[in-house]
Amino acid sequence: MSNSPTKIELTQPDDWHLHIRDGEVMKDVLADTARQFARAIIMPNLKPPVTTVDLAKAYQSRIESNLKLLGVTEFMPLMTLYLTDNTSADEVRKAKDAGIAAFKLYPAGATTNSDAGVSDLKHCHAALEAMQAVGMPLLVHGEVTHADIDIFDREAVFIDTILEPLRKKLPELKIVFEHITTKQAAHYVRDAVTGGKNTIAATITPQHLLMNRNAIFAGGIRPHNYCLPVLKREEHRVALLQAATSGNSRFFLGTDSAPHAKGAKEAACGCAGCYSAFNALGLYAEAFESVGKLDKLEGFASFFGPDFYSLPRNSKKITLVKHAQSIPMELPLGDATIVPLRAGETIAWSLV
Ligand code: OTD
Ligand code: ZN
Ligand code: ZN
């Protein structure tokens, strides 16, 4: 493939990190994702969180009802459970038997609806050992939450104080370091010694590939560019883009598209989360094209995720064209609206 094409065909991608919420807004956000992706890892940070197999099955059937309403027949939600201080080894085994794709670790207080998260990993030892034993991946929100740690340092501190000790203790546990935002995380995942086993990977969002922290403050406060982990300095964005486009199978696509209604973002204490689902693939294509690496997009978007999760790659193909798409100022979200990433601007690539 030439590195400046105007059209690219890809195996259909999956989104390995997605928030679709619940209730009346779910249908609107699910439609955007199902247009582009074959499968998605569905995050469990509902209110209350999805902590048991039974809750996940009930959530899955609400997702399936919405897919039916949308007339979507080929989208597969991959369900996850929210790890708590009380998750038992039995629940882990039950989850494995029920086809749950992964458990999610939120350090308590790290992001939206994470109050029920883990206060100290020592409470989870039996559950984590069971995950390692049955081959259940652990997805981590990799930030410490102590108020005395600078918000821009929380990911790097997490690596040293939580992630590395955890990997030492449970070297065969499959871990996905979610939505990485720093060069420390990119290098940690790249350089981790795994003895040839698929035990560590990372997802990367479009916003962290395309923007640095200046985007939160460009000419005034920009709540729609505020997400957690927060955007970092340019040197970090460059390291993430390098990792994503390197062809290293430890890095794959996870949008972390996290919808909040316009009013909840444009507020004195605005919610964290970027809504990238509207044209997520166009955003990733732009990022890869910016470094002449469109030829590396298919591995990142369509191959490395299923390979890590031991799922089959998709067989359907999709086509992206270099045809600028205008992004609306607002989209419907239940009876409110949502402001998508790049609202009022264009994205260079779009899905045919
Ligand atoms: N980050 N917002 C949300 C989740 C993510 O950490 C995350 O995965 C959310 O709203 O659920 C956000 O900024
Ligand atoms: Zn997170
Ligand atoms: Zn997320």
Side-chain angles (χ1 to χ4, degrees), residues 14-23 25-26 28-30 33 37 40-50 59 77-83 101-118 137-145 151-152 154-155 157-159 162-163 175-182 185 201-209 211 213 215-216 222-232 240 252-267 269-277 280 305 333-334 336 338-341:
D14 306 300
D15 186 347
W16 299 96
H17 185 130
L18 179 67
H19 302 265
I20 55 169
R21 314 303 189 204
D22 207 349
V25 303
M26 190 209 291
D28 293 329
V29 294
L30 199 47
T33 291
F37 298 98
I41 286 276
I42 307 296
M43 286 293 146
N45 62 330
L46 302 182
K47 258 184 190 165
V50 181
Y59 187 26
L78 302 169
M79 305 310 293
T80 62
L81 293 190
Y82 189 113
L83 186 69
F103 274 70
K104 181 69 195 277
L105 164 64
Y106 291 102
T111 189
T112 306
N113 298 345
S114 63
D115 303 344
V118 170
L138 177 70
L139 317 183
V140 303
H141 179 111
E143 287 191 293
V144 295
T145 55
I151 189 168
F152 293 100
R154 287 176 185 179
E155 186 172 279
V157 173
F158 179 89
I159 296 171
I162 313 279
L163 186 56
I175 296 175
V176 184
F177 196 164
E178 297 291 332
H179 49 49
I180 58 170
T181 66
T182 57
T203 53
I204 310 183
T205 77
Q207 66 267 24
H208 292 100
L209 292 176
M211 295 188 286
R213 65 192 195 177
I216 312 169
R222 302 285 182 166
H224 301 291
N225 292 339
Y226 169 61
C227 66
L228 291 171
V230 71
L231 295 171
K232 304 296 192 300
L240 297 169
F252 49 82
L253 185 158
T255 63
D256 198 14
S257 181
H260 292 279
K262 182 172 192 269
K265 294 282 295 173
E266 298 176 4
C269 185
C271 293
C274 294
Y275 187 64
S276 60
L333 184 75
I338 187 166
V339 177
L341 203 63

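Index from 1, following the sequence. Each ligand, and each atom within it, is numbered from 1 in the order the structure gives. Just so it is clear, the values below take in all heavy atoms, side chains as well, and ignore hydrogens, waters and symmetry mates.
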For ligand 1, the portion of Arg21 having any non-hydrogen atom under 4.0 Å away: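 The answer is the side chain of Arg21.
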Can you sort out which atoms of ligand 1 are near [X], meaning under 4.0 Å from one of its heavy atoms?
X	answer
His260	9 (C), 10 (O)
His179	6 (O), 7 (C), 8 (O)
Asn45	9 (C), 11 (O)
Gly273	2 (N), 12 (C), 13 (O)
His17	8 (O)
Cys227	13 (O)

Which pair of non-hydrogen atoms, one from [X] and one from [Y], has the smallest distance, and what is that distance?
X	Y	result
Pro137	Ala101	CD-O, 3.3 Å
Tyr106	Pro44	OH-CD, 4.1 Å
Leu253	Asp14	CD2-O, 3.5 Å
Ile180	Ile204	CG1-CG1, 3.9 Å

Min side-chain heavy-atom separation Thr203-Leu139 under 4.5 Å: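 Counting from C-beta outward, Thr203 and Leu139 never come under 4.5 Å.
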Side-chain contact test, heavy atoms from C-beta onward, threshold under 4.5 Å: evaluate it for His19 versus Asn45 and give yes or no.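 His19 reaches Asn45 side chain to side chain.
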Decide whether an N or O pair under 3.5 Å exists between [X] and ligand 1.
X	result
Tyr226	no
Tyr106	no
Lys104	no
Ala258	no
Leu228	yes

When rounded to the nearest 0.5 angstrom, what distance separates [atom1] in [X] from [atom2] in [Y]?
X	Y	atom1	atom2	value
Leu18	Met43	CG	CE	8.5 Å
Glu155	Glu143	CD	CD	6.5 Å
His260	Cys274	NE2	SG	9.5 Å

Looking only at protein heavy atoms, which one is nearest to atom 7 (C) of ligand 1, and how far off is it?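 Its nearest protein heavy-atom neighbour is Asp256 OD2, 3.4 Å.
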Protein residue, atom and distance nearest to atom 4 (C) of ligand 1, heavy-atom basis: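 For atom 4 (C) of ligand 1, the nearest protein heavy atom is His19 NE2, 3.4 Å.
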Just going by heavy-atom distances, which of Ala272, Ala264, Ser257, Cys271 is nearest to atom 2 (N) of ligand 1?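 Nearest heavy atom to atom 2 (N) of ligand 1 lies in Ala272.
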Determine, step by step, whether Phe103 and Thr80 satisfy the side-chain contact (heavy atoms from CB on, under 4.5 Å) criterion, reporting the C-alpha distance in whole Å, the side-chain angles of both residues, the deciding distance to 0.1 Å, and the verdict. CA-CA 5 Å; Phe103 274 70; Thr80 62; over 6 Å; no
With respect to the Zn ion (ligand 2), please indicate if His17 possesses an N, O or S atom at a distance under 2.8 Å.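 Of the N, O and S atoms in His17, none lies under 2.8 Å from the Zn ion (ligand 2), which means no.
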To the nearest 10°, how many degrees is the angle Asp256 OD1 to the Zn ion (ligand 3) to His19 NE2?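 An angle of 90° at the metal.
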Please name the atom of His141, limited to N, O or S, that comes nearest to the Zn ion (ligand 2).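 Per the distance ranking, His141 contributes ND1 as its closest N/O/S atom to the Zn ion (ligand 2).
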For residues Lys232 and Thr182, is any side-chain donor paired with an opposing acceptor at under 3.5 Å?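 Not at all, the side chains of Lys232 and Thr182 share no donor-acceptor pair under 3.5 Å.
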Within-shell test, Glu178 vs ligand 1, heavy atom, strictly < 4.0 Å: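 It does not, in that no heavy atom of Glu178 comes within the 4.0 Å cut-off of ligand 1.
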Would you please classify the geometry between the His17 ring and the His179 ring as parallel, tilted or perpendicular, with 30° and 60° separating the classes?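 Rings of His179 and His17: tilted, as their planes differ by 30° to 60°.
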